[in-house]
Amino acid sequence: MAEIKHWAEVIADEALENGTKHRISTGITPSGHIHIGNMREVVTADAAYRMIVERGAETEFIYMADNFDPLRKVYPFLPESYAEHVGKPISEIPCPCGECESYAEHFLKPFLEGLERLGIHPKVYRADQLYKSGSFVEAIKTALIKRDDIAKILKEVSGKDVLPEWSPFNPICQECKKINTAVVTGFDADAETVDYECPCGHSGTVPMAGGGKLTWRVDWPAKWKMLDVTVEPFGKDHASRGGSYDTGKRIVREIFDHEPPQPIVYEWIMLGKKGAMSSSTGVVVSISDMLKVVPPEVLRYLIMRTKPEKHIKFDPGQPLLTLVDEYERLNANPEVEGLNKRVLELSHAKGICHTDIPFKHMTTIFQVAHGDFEKIMKIVERAGYDTTNEKCIRELSANVSNWLEMYAPPFAKFSVKDELPEQTATLSDVQKAFLGALSEIIEASGELTGEDYHNLVYSSKEAGSDLHLKIVEKLGVADDELEINPKEMFKAIYTSVLGQQSGPKAGWFLSSIDQDFLAKRFSEASTYRP
RNA sequence: GGGCCGGUAGCUUAGUCAGGCAGAGCGAUGGACUCUUAAUCCAUCGGCCGAGGGUUCAAAUCCCUUCCGGCCCGCCA
């Protein structure tokens, strides 16, 4: 069999067969928090973009913010007062926080910042500006003139009859400001205006430039024509027979005289067990939230490793750590080749810094240090990691901090207790004797490494070892009479330090805690009487 | 009812376009490191490729049928 190609290469090769000049378009409506489900569209497009460029075609990547669409309803995250804005274009509605130019900008801004961090740099268009500047006027004229032909295509392809009063153009009522209620009663192609009657009682005339927009099924092919789009990813909702890609394909050919773009159909990202991600149901992890938690490469990796037509199950809890691990492992391996190499390349976001500290380790280090960055740096240094890039370590530690707060499952969390935990009462005499002996040795030793601690604990089971001798002495038994199970000793350590029976790998866990503190804590625990 | 996409190891999946010994990661198991304890390394186990039929020297791959899951066909992306 031939060498395996990454899906983005397959897309690129197909594109190259169609021509050597390309424009890849993406479009998302910023009607709510733009989530990682939406992100798939842009990241998928970016993969195709990078590959087509690599194959040598002149290519442009654009992102269209569909901010001229109406607000559909008062979403759960909106105050009731937004009821009056339902039906108005989201570029014309006030921002929920009061600080952005519009409702649309409020959600667009964090998304565009996210793109930047993901290493994705499309040329950004805003639909309201294109409409207002008159870029759509020719398309609007054509669509109004050929209204019956479009209606026929819609009927033939989707099987639905359009209503007699249907128009491809939705005017904005000058009175109630809504874009989805007014009925078109006529138009003047020379004056470039459209007449309407609105159920609110108002009737009037609006300019084609900015006075309204084309209905979605016509708007999309009009954009293909206007921006000369050759490749476009879209969600599977558009892809079924009779859907908007099907109707768009015929409309763009027969009405606008242009070839439709090469489709890239992608599946949804499912959030854990909660089902598909969707802004309207509130099942959402926003991109900004995700970027608080993981490096951008990991998010790209999530999407690059899976073919677009396959759904992705995403869980920001424990499984996210596995994902991060997998990525780090791959990234650290200089010998990756073939498909994995491709995936890795495509996951790269430019200008992101790296540290050699695994995310998982940092979750422990961070918790040991109670989030104190100076302490974190000390521990990191003692553990032998590269500390030259403090900025990266700071970023990683911020990610870990957010993850622990937002998504970490309880068992991943622990805290070094300031006071001796009361669970210490459950320890056996042997365990207490062990802790006492351990305390003495720690106190008498110089600085101990993770390995030292590890070996030390295991030495407890060896008759004749320093630790073993001290234990038998405390218990008043003969040296060869005592059998020690290291497992129990580890439990004793976790119990007296964390108040729980297990914890992170003991050696480097202990080595990240202050030595005097440990000596004192173990000594206290050994004599603890409730 | 019509259609689209998926179904491959316990889990996540590559491979399907272009037929040629079914691959990987995680997990599990065993081992190594004086060492079961959220680390590392090595090894092993694990598959009726959803099911049935057809084409072929040869099928996870192509064709037909069928089951399961998700979604679309509401000009509400």
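- B:A24 atom C1' lies 10 Å from atom OH of A:Y301, rounded to whole Å.
- Pairing partner, B:U61: none, since no Watson-Crick or wobble contact has both distances short of 3.5 Å.
- Contact of the A:L299 side chain with the A:M39 side chain is registered, since non-hydrogen atoms from C-beta on lie closer than 4.5 Å.
- A:E328 and A:K360 are not joined by a salt bridge, as no carboxylate oxygen comes within less than 4.0 angstrom of a charged side-chain nitrogen.
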Next item on the list: Could you check A:E9 against A:R55 for salt bridge (charged side-chain N to carboxylate O under 4.0 Å, His left out), going step by step and ending with a plain yes or no?
Entry: CA-CA 9 Å; A:E9 295 178 84; A:R55 293 283 202 261; 3.4 Å; yes

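- As the counterpart of B:U44, B:A28 is assigned, both hydrogen-bonding distances of the Watson-Crick or G-U wobble pattern falling under 3.5 Å.
- Distance noted for atom C1' between B:G25 and B:C67: 30 Å (whole Å).
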Item checked: Reading 5' to 3' through nucleotides 72-77 of chain B, protein heavy-atom contacts under 4.0 Å coded B for base, S for sugar-phosphate only, - for none -> BSSBSB

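- Atom name C1', nucleotides B:G6 and B:U12: the rounded distance is 14 Å, in whole Å.
- The distance from atom CG of A:D13 to atom P of B:A18 is 13 Å, rounded to the nearest whole Å.
- Residue A:Y245 places no side-chain N or O under 4.0 Å from the OP1 or OP2 atom of B:C4.
- For the P atoms, the distance linking B:G30 with B:C49 amounts to 29 Å, nearest Å.
- Partner of A:T247 under the side chain to side chain donor-acceptor pair (under 3.5 Å) criterion, chosen from A:H238, A:R217, A:K155, A:E156: A:R217.
- Pair check for B:C17 finds none; no Watson-Crick or G-U wobble contact set falls under 3.5 Å.
- Separation of atoms CD1 (A:I441) and CG (A:D466) is listed at 4.5 Å; rounding is to 0.5 Å.
- Distance check on atom P: B:A39 versus B:A22 gives 35 Å, rounded to whole Å.
- Across every strand in view, B:A39 sits unpaired, with no contact that passes the Watson-Crick or G-U test at under 3.5 angstrom.
- Note that CD1 of A:I34 and CG of A:L108 are 5.5 Å apart. Values are rounded to the nearest 0.5 Å.
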What nitrogen or oxygen pairs link the protein and nucleotides 6-14 of chain B at under 3.5 Å?
unit_1: B:G6; atom_1: O3'; unit_2: A:K310; atom_2: NZ; d: 3.3
unit_1: B:G7; atom_1: OP1; unit_2: A:K310; atom_2: NZ; d: 2.6
unit_1: B:U12; atom_1: OP1; unit_2: A:K313; atom_2: NZ; d: 2.8
unit_1: B:A14; atom_1: OP2; unit_2: A:K310; atom_2: NZ; d: 2.5

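- Regarding A:F234, its CZ atom lies at a distance of 14 Å from the C1' atom of B:C71, rounded to whole Å.
- For the pair A:L321 CG and B:G27 C1', the computed distance is 15 Å after rounding to whole Å.
- One can place NZ of A:K249 at 12 Å from C1' of B:C4, the figure rounded to the nearest angstrom.
- Comparing B:G47 with B:A60, their C1' atoms are spaced 11 Å from each other, to the whole Å.
- Exactly one residue among A:R126, A:K223, A:K213 makes a side chain to side chain donor-acceptor pair (under 3.5 Å) with A:D66. That residue is A:K223.
- Under the Watson-Crick or G-U wobble criterion, with both distances below 3.5 Å, B:U34 has no partner in any strand shown.
- Salt bridge A:K378/A:E381: absent, no basic N to carboxylate O contact under 4.0 Å.
- With C1' as the reference atom, B:G20 and B:G27 are 32 Å apart, rounded to whole Å.
- We find that A:D246 and A:K249 are joined by a salt bridge, their nearest charged nitrogen and carboxylate oxygen being less than 4.0 Å apart.
- Separating the C1' atom of B:C71 from that of B:G31 is a span of 48 Å, rounded to the nearest Å.
- A residue-by-residue look at A:T322 and A:N455 shows that A:T322 has its nearest nucleotide of RNA chain B further toward the 5' end.
- Nucleotides B:A59 and B:A18 have their C1' atoms positioned 14 Å apart, rounded to a whole Å.
- The pairing partner recorded for B:C71 is B:G3, the criterion being a Watson-Crick or G-U wobble arrangement whose two distances lie under 3.5 angstrom.
- What separates CE of A:M489 from C1' of B:U36 is a distance of 15 Å, to the nearest Å.
- In this structure, A:E326 and A:F414 both approach RNA chain B, and ranking their closest nucleotides by distance from the 5' end singles out A:E326.
- Rounded to whole Å, atom P of B:A39 lies 17 Å from atom CE of A:M362.
- Using a cutoff of 4.0 Å between basic side-chain nitrogens and carboxylate oxygens, A:K177 and A:E92 are not scored as salt-bridged.
- Distances were taken from every side-chain heavy atom of A:V10 (C-beta onward) to each of B:A38, B:U40, B:C17; the shortest belongs to B:C17.
- Distances shorter than 4.0 Å separate none of the side-chain N or O atoms of A:Y385 from OP1 or OP2 on B:A39.
- Across the protein-nucleic acid pair, A:I357 atom CD1 and B:A39 atom P stand 17 Å apart, rounded to whole Å.
- Ring geometry, A:Y103 versus A:Y82: the interplanar angle falls from 30° to 60°, so the pair is classed tilted.
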